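Read the structure below first, then the notes.
No experiment lies behind these values; they were computed from the predicted model shown. Reminder, nothing fancy here: chain letters follow the sequence lines and each chain counts from 1.
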Amino acid sequence: MTQSWQKELIQTLIVALMLMYLLPFAINTFTLSILLIYGMLGLSLGLIWGFGGILCFGQAAFFGLGAYAYAIAAVNIGESTIPLLFAILVPAMFAMLLGAMMFYGRLADVYLGVITLVVTLILFKFINSTAGPAYVIGKARLGGYNGIPGFQTLNVPGSPDDYIWGDAFYYVCFVALVVVYLLVTWLLRSSFGRVAMGIRENDQRMSLMGYDTRARKTILFAIGAAIAGFAGGLFANWAEIVTPGLFSLGQSAEIIIWCIVGGLGTRLGPILGAAGLAYLKFLLGQQSLIDNTLITGLILVLFVLFLPKGIVPAVANLWAASFGRRPKNSRRNVRRARGGLNG
Amino acid sequence: MDFAVVVLVEILYAIASLVLISAGLAVVFGMMKVINLAHGEFMMLGGYVTITAVNSGVNIFIAMLIIAPLVVGLIGLIVERLVIRHLYGRLVDTMLATWGLSLFFIGIATMIFGNTTTGISSPIPGFSIGAYQVNGYNFFIIVVSILLILGVLFVLKSTRLGLIARGAMQRSDMAAALGYSSDRIYMMTFFVGSALSGLAGAVLAPLVGLVPTSGGAFIAKAFITVVAGGPSLVAGLLASSGLFGIVGQVFSFSVSPVMGDVAMLIAAVILLRLLPQGITGRFFKGKL
């Protein structure tokens with residue numbers, strides 16, 4: 001295990017390093033930063049859905065919570081290191097509670113979808129209604145649908161006046177994504193990750209083998225939320241404002257689409273799906289002939305119908321078919337990724 | 001006293017509108033185990049069809065009660081043939097595909113009608129109870145939803161079509177073995193479900209300003225009402241609409257309309273935690 005792990009680590013680092021220096025020649029770093037942040041958000045759902053079999057309709061809730069946690073903490077503290085920790089911890093705690101409530105109640109299937117969707121809506125409605133001066137956390141006014149503008153953005157830890165922005169922020173985002181990606185890789189290679197995949201395949205069998213599937217699912221759910229929250233914290237820094245739109249159903253839908261299009265049960269798929277579709281949306285936003293939502297919807301329908309595995313596994317299969325050397329584990333990945341919910 | 005009457009009317013109206021917006025989804029989910037996340041957009045389309053028809057001179061009641069359900073039903077039929085037919089038995093995939101459809105319809109509506117609010121005026125004047133003004137249209141909605149429930153009950157219980165539908169709902173393989181093509185039954189069911197969504201959207205159109213994204217406001221409520229209702233179609237629909245309608249209105253009146261919505265959603269979460277099979281998974285078992 002250690003040897004293949006080392007090999008993959010080195011490969012990932014080399015590819016990442018090359019991309020980090022080459023990408024800014026094609027796209028400006030401001031756009032690239034948001035693509036990376038969305039990539040991380042896609043990865044968070046890709047982890048819990050593709051590898052844990054938990055379809056969460058409310059991944060945007062954790063993203064939004066992370067962004068709000070960062071903004072509120074940054075207004076109160078006036079620097080960015082501790083707020084970024086809050087952006088990770090608050091969604092993780094929230095997901096821990098929500099997950100415990102759902103998984104210990106043995107909720108699965110469509111009910112999981114309903115509850116995560118409803119919780120997202122509750123947050124959306126609640127934050128939207130906090131326009132009045134009564135809603136204050138410390139020095140931060142929640143601001144309702146106007147959101148929270150004007151908080152301290154990312155700075156060098158320890159010196160609040162050295163802001164990290166522009167190109168520097170892009171490099172921070174890239175490194176953050178690579179670190180998260182490697183952590184996810186490590187997690188999936190650990191016994192925890194393997195058991196999680198076992199639970200995805202067959203919950204009952206794993207619990208009969210003596211694993212506490214409820215606790216494991218709750219922890220995995222919380223890890224996914226932590227990653228989404230981290231992405232939210234970075235997003236707050238990118239946009240320099242947080243608004244209730246982060247919690248919206250449309251945002252949740254997009255995350256799910258990224259995962260489907262990129263490929264479930266892969267780590268790279270959701271990242272590429274997120275970055276690719278977000279960039280496509282950015283390009284489409286510059287024309288007014290065809291409505292953006294229409295194309296997003298069409299992509300989702302067509303993928304579910306014709307390419308339910310997503311692009312990355314399809315390309316991997318094509319690669320394997322044309323160059324003969326079939327990778328050892330190509331079949332394992334997606335076949336039942338969504339099966340956990342089909343009951 | 002007057003206030004009590006007004007509150008009562010409002011609660012009845014809340015329950016009736018929940019029944020109305022959930023009926024189409026309930027039929028499709030109850031019969032086919034398909035969650036149609038484009039349900040809200042079918043309602044939105046129903047609203048637009050009504051407004052277009054009224055603006056071109058059709059009587060508003062004909063537009064609402066006949067044209068809108070027919071048009072939306074046909075759209076549903078096309079959708080079923082093109083997309084959903086291929087995904088039966090794959091609950092999550094149908095959810096995702098219909099979510100894609102919902103975005104698609106939002107996009108189409110935005111391109112045709114533009115991202116502006118349109119509306120028609122209510123055809124029934126308001127009147128006052130004591131010192132309070134009541135919207136007369138609310139009574140119309142209550143009547144429509146009562147007729148709707150009675151209609152669904154009648155079709156399911158007393159007609160041959162209803163018998164076949166119920167049979168296919170319980171054991172589709174057995175119904176198929178007896179010579180009833182489940183493909184056609186599903187097609188019909190989806191048509192009826194879409195038509196009901198269109199009807200709901202049309203009837204609610206005079207009350208709300210319509211924008212292409214209006215559907216999103218309905219889908220969550222319809223979704224929780226249907227899932228919390230559980231396996232029985234009519235009993236589940238009535239039970240969960242009643243519960244959520246009362247909870248929502250009580251909190252709307254005592255705190256604020258936003259808290260009413262939030263309370264309704266929280267009630268749904270608690271209910272599903274306690275009764276994961278929905279209300280009729282535990283009570284009223286075996287009813288329609």
Side-chain angles (χ1 to χ4, degrees), chain A residues 49 55 57 98 101-102 104-126 128-130 144 248-250 252-254 256-257 259-260 288-306 308 337-343, chain B residues 29 33 35 37-38 40-41 79 82-83 86-87 89-112 115 212-213 216-217 219-221 223-224 226-228 256-270 272-274 276-278:
Chain A
W49 185 17
L55 173 50
F57 272 60
L98 182 68
M101 190 202 85
M102 294 190 301
Y104 281 84
R106 295 210 179 280
L107 289 180
D109 225 40
V110 44
Y111 302 100
L112 211 75
V114 180
I115 290 196
T116 48
L117 184 127
V118 165
V119 166
T120 314
L121 270 174
I122 293 176
L123 280 173
F124 179 63
K125 292 205 178 217
F126 174 72
N128 245 330
S129 71
T130 54
S248 66
L249 279 185
S252 281
E254 268 184 39
I256 289 176
I257 297 172
C259 287
I260 296 253
S288 56
L289 187 65
I290 302 177
D291 190 77
N292 223 329
T293 328
L294 187 145
I295 294 175
T296 318
L298 208 58
I299 290 177
L300 179 56
V301 175
L302 292 179
F303 266 87
V304 171
L305 279 179
F306 298 112
R338 270 172 275 163
L341 284 131
N342 284 334
Chain B
F29 180 60
K33 292 286 167 285
I35 290 210
L37 285 179
E41 278 62 41
V79 163
L82 284 181
V83 179
H86 305 290
L87 301 172
R90 288 152 64 187
L91 183 61
V92 172
D93 283 349
T94 43
M95 258 162 117
L96 295 170
T98 49
W99 200 343
L101 284 172
S102 90
L103 296 175
F104 179 75
F105 284 128
I106 292 176
I108 287 199
T110 313
M111 282 172 73
I112 298 176
N115 208 350
T213 49
I219 183 65
K221 280 184 190 174
F223 200 16
I224 58 168
V226 169
V227 174
S256 73
V258 173
M259 282 320 282
D261 278 353
V262 172
M264 193 192 287
L265 295 171
I266 291 175
V269 172
I270 296 171
L272 278 181
R273 177 66 174 78
L274 298 178
Q277 296 304 313

> So, do B/F105 and B/V79 sit near enough that their side-chain heavy atoms are less than 4.5 Å apart?
Replying inline: yes

> Which atoms of A/L121 come close to chain B, meaning under 4.5 Å heavy atom to heavy atom: side chain ones, backbone ones, both, or neither?
Replying inline: both

>> Report which part of A/I256 has an atom under 4.5 Å of a heavy atom belonging to chain B: side chain, backbone, both, or neither.
In response: side chain

> Taking it one step at a time, do A/I257 and B/L103 satisfy side-chain contact (heavy atoms from CB on, under 4.5 Å)?
Replying inline: CA-CA 11 Å; A/I257 297 172; B/L103 296 175; 3.9 Å; yes

>> Looking at chain A, which one of B/L274, B/V269, B/V262 has the largest number of heavy-atom pairs inside 4.5 Å, strictly under?
In response: B/V269

> Given that the side chain runs from C-beta out, which part of B/I266 has a heavy atom under 4.5 Å from chain A: side chain, backbone, both or neither?
Replying inline: both

> Do side-chain atoms of A/T116 reach the backbone of A/F57 as a donor and acceptor pair under 3.5 angstrom?
Replying inline: yes

>> For residues 112-125 of chain A, which residue pairs pass the salt bridge (charged side-chain N to carboxylate O under 4.0 Å, His left out) check, not counting sequence neighbours?
In response: A/K125-B/D261

> Would you say B/L37 and B/F223 make side-chain contact, with heavy atoms under 4.5 Å?
Replying inline: yes

> With only heavy atoms counted, which part of B/I35 is less than 4.5 Å from chain A, the side chain, the backbone, both or neither?
Replying inline: side chain

>> Looking only at heavy atoms and a cut-off of under 4.5 Å, which of B/G100, B/A228, B/P212 has the most pairs with chain A?
In response: B/G100

>> For A/V301, give me all partners under side-chain contact (heavy atoms from CB on, under 4.5 Å), at least two apart in sequence or on another chain.
In response: A/L305, B/V83, B/L101

> Of the backbone (N, CA, C, O) and the side chain (C-beta and beyond), which part of B/L82 lies under 4.5 Å from a heavy atom of chain A, both, or neither?
Replying inline: backbone

> Non-hydrogen atoms of chain A under 4.5 Å away: do they reach the side chain of B/M259, the backbone, both or neither?
Replying inline: neither

> Is B/K33 close to B/T94 at the side-chain level, that is, under 4.5 Å between some pair of heavy atoms?
Replying inline: no

>> Heavy-atom pairs under 4.5 Å with chain B: which of A/L117, A/L298, A/I122 has the most?
In response: A/I122

> At a heavy-atom separation under 4.5 Å, does B/L265 approach chain A through its side chain, its backbone, both, or neither?
Replying inline: both

